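Structure incoming, see below.
Since we're looking at a predicted model, the values are computed, not measured.
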Amino acid sequence: MSSAKLSLALHFLEEEPLAAARRLELQEAEHSAAMLNKAPAPIAAKVLAAMLPAFAAPILALLDNEDAARLLKALTNADIAALLRQLPDAARQRLLGVLPLKKQTACQLLLSYPNYTVGAWTETDLLVLDNQMDAGDALLRLKKRAYSETRDIYLVNDKRQISGKLSVYAILRAASNTPLTRLMQPVNESISGFTELNAALELPVWRQQDTLAVVNQQQALLGIIHHHQLRHAISRAEPEDTAEPLPGDILGAYGASINALLELLAPSATKPTGRRS
């Protein structure tokens, strides 16, 4: 394949990850895995996350440890857990083993929740601070991590139960010796990780806010769930609602290149063959 066609095919993956996901779901897992290996990890991960877990998991299982680690690094913990729960135990344990310990622990926690509950889809990669800290302590921890957006920071007690939350801006404006408890706002609503997805979506709290804290049976903080993530989780848990055909304009723009790339990687998958009656 020419470099121009390859570039266009990769552009398709980057710009239309959902359309690419629907296309790759129709291919053999081996062919899709070979194609995603041609793409940079952030692009491949975005497509993999857009695929239904039942189709994406076999692709992930075919990758060697190095390539799997490359993709898993770019996925959220919730998406990783959704894929791993589709795999046999041996494959699941192998892929868990390529994750950093912190990410591995978080994914194992999510895997302990049924797929149809909020806990299985909770975002765990957030900054959580001890309620005994001051603004200076918090600032040191903020500097160790890069945040693409300003988000709430949760304060917890020694049992990891929620004391309150505060924003990055509140920390930056405060004197370094200011106790975080003086800066925090109360958390009036939280949701159990065992709440079923459809029941969670119907909660009236979404009329006032778009993010909820998720807690376990001991009221310890698990993470957060956004309203849009909840809708996404329901769509991924119910494949029959997401099997939509690709828009004609997208296929027209990228179809030739995507087909050429698939033919290059797996000629037998795209050449005409006789059909069995």
Side-chain angles (χ1 to χ4, degrees), residues 42 45 49 72-82 99-110 112-113 117-195 200-201 203-233:
L72 291 173
K73 183 179 180 181
L75 288 170
T76 67
N77 294 337
D79 279 329
I80 294 173
L99 297 173
L101 182 59
K102 183 178 179 181
K103 205 172 185 73
Q104 183 181 138
T105 302
C107 289
Q108 287 175 324
L109 175 62
L110 297 183
S112 69
Y113 285 86
T117 64
V118 170
W121 302 89
T122 297
E123 179 183 336
T124 60
D125 187 22
L126 67 158
L127 185 59
V128 179
L129 299 175
D130 190 306
N131 62 7
Q132 299 301 310
M133 293 179 179
D134 59 27
D137 295 324
L139 193 58
L140 288 174
R141 286 155 179 79
L142 278 170
K143 289 179 178 178
K144 291 183 178 181
R145 300 185 59 174
Y147 289 91
S148 58
E149 59 178 303
T150 301
R151 62 178 68 188
D152 287 328
I153 298 168
Y154 284 81
L155 297 184
V156 297
N157 61 20
D158 57 354
K159 296 182 179 179
R160 204 176 167 80
Q161 296 167 337
I162 302 172
S163 298
K165 64 181 180 180
L166 66 159
S167 70
V168 173
Y169 296 128
I171 295 172
L172 294 176
R173 289 196 299 262
S176 62
N177 62 349
T178 305
L180 294 181
T181 51
R182 288 178 53 187
L183 304 175
M184 72 182 189
Q185 299 296 319
V187 175
N188 298 318
E189 298 279 354
S190 62
I191 186 171
S192 167
F194 285 106
T195 306
L201 191 62
L203 293 174
V205 67
W206 298 118
R207 298 169 189 160
Q208 286 81 41
Q209 59 194 68
D210 60 8
T211 302
L212 266 180
V214 182
V215 298
N216 65 15
Q217 289 177 308
Q218 289 72 45
Q219 298 301 304
L221 178 67
L222 292 176
I224 56 174
I225 188 85
H226 299 291
H227 189 250
H228 69 85
Q229 289 173 323
L230 191 57
R231 298 196 308 272
H232 173 67

query = Going by the salt bridge (charged side-chain N to carboxylate O under 4.0 Å, His left out) test, which pairs reach into residues 163-187, not counting sequence neighbours?
reply = Asp152-Lys165
note = One should read off an interatomic distance between Met184 CE and Ile171 CD1, to the nearest 0.5 angstrom, of 13.0 Å
Sub-4.5 Å side-chain heavy-atom contact between Gln132 and Asp137 = no
query = Glu123 and His226: side chain to side chain contact (heavy atoms under 4.5 Å, CB included), yes or no, with the steps?
reply = CA-CA 8 Å; Glu123 179 183 336; His226 299 291; 3.2 Å; yes
Closest non-hydrogen atom pair, Gln229 against Ile224 = OE1-O, 4.4 Å
request  = May I have all residue pairs that pass salt bridge (charged side-chain N to carboxylate O under 4.0 Å, His left out) and include part of residues 184-195, sequence neighbours excluded?
outcome  =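 For residues 184-195: none.
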key: Expected output: side-chain Trp206 to main-chain Ala200 donor-acceptor under 3.5 Å   =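 Indeed, once roles are kept as given, a pair shorter than 3.5 Å links the two residues.
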task = State, to 0.1 Å, how close Gln219 and Ser190 come at their nearest heavy-atom pair, and which atoms those are.
result =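 Minimum heavy-atom separation between Gln219 and Ser190: OE1-OG, 4.4 Å.
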request  = Report yes if the side chains of Leu110 and Cys107 come closer than 4.5 Å at any heavy-atom pair, otherwise no.
outcome  = no
ask   = Can you check whether Leu201 reaches Arg231 side chain to side chain, under 4.5 Å on heavy atoms?
value =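 Leu201 vs Arg231: side chains touch.
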request  = To the nearest 0.5 angstrom, please state how far the CG atom of Leu166 sits from the CG atom of Asn131.
outcome  =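 The CG atom of Leu166 sits 11.5 Å away from the CG atom of Asn131.
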task = Indicate yes or no: at least one non-hydrogen side-chain atom of Tyr113 is less than 4.5 angstrom from one of Leu222.
result = yes
Minimum-distance pair of heavy atoms, taken over all atoms of Val156 and Leu221 = CG1-CD2, 4.1 Å
Worked verdict on Ile80 versus Leu99 for side chain to side chain contact (heavy atoms under 4.5 Å, CB included) = CA-CA 10 Å; Ile80 294 173; Leu99 297 173; 4.2 Å; yes
ask   = Any side-chain heavy-atom pair from His227 and Leu212 closer than 4.5 angstrom?
value =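 Side-chain contact under 4.5 Å: no.
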key: Distance in Å, Asn77 CG paired with Leu72 CG, rounded so as to fall on 0.5 Å steps   = 10.0 Å
message = Checking Leu142 against Ile153 for the side chain to side chain contact (heavy atoms under 4.5 Å, CB included) test, could you report, in this order, the C-alpha distance in whole Å, the side-chain angles of both residues, the deciding distance, and whether it holds?
response = CA-CA 10 Å; Leu142 278 170; Ile153 298 168; 4.1 Å; yes
task = Please name the pair of heavy atoms, one in Leu129 and one in Arg141, separated by the smallest distance, quoted to 0.1 Å.
result =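 Smallest heavy-atom distance, with atoms named: CD2-CD, 3.6 Å.
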message = Name the residue from Thr124, Thr117, Thr122, Thr195 that meets the side chain to side chain contact (heavy atoms under 4.5 Å, CB included) definition with Val214.
response = Thr122
task = Return the orientation label for the Trp121 and His232 ring planes: parallel under 30°, perpendicular over 60°, tilted otherwise.
result = perpendicular
inquiry  = Can you give me the closest heavy-atom contact between Leu180 and Asp130, atom names plus distance?
reply    =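 Looks like CD1-O, 4.2 Å.
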ask   = Rounded to the nearest 0.5 Å, how far apart are NZ of Lys73 and NZ of Lys103?
value =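 Going from NZ on Lys73 over to NZ on Lys103, the span is 10.0 Å.
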query = Should Leu183 and Tyr169 be marked as a side chain to side chain contact (heavy atoms under 4.5 Å, CB included) after you check the CA-CA gap, both sets of side-chain angles, and the distance that decides it?
reply = CA-CA 10 Å; Leu183 304 175; Tyr169 296 128; over 6 Å; no
key: Gap between atom CG of Leu230 and atom CD1 of Ile191 - 0.5 Å precision   =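 If we round to the nearest 0.5 Å, Ile191:CD1 and Leu230:CG are 7.0 Å apart.
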ask   = Residues two or more places apart in sequence or in another chain: which of them pass side-chain hydrogen bond (donor to acceptor under 3.5 Å, both in side chains) with Gln161?
value =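 Asn157.
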request  = Quick one: closest heavy-atom pair of Ala49 and Leu75, and the distance?
outcome  = CB-CD2, 3.8 Å
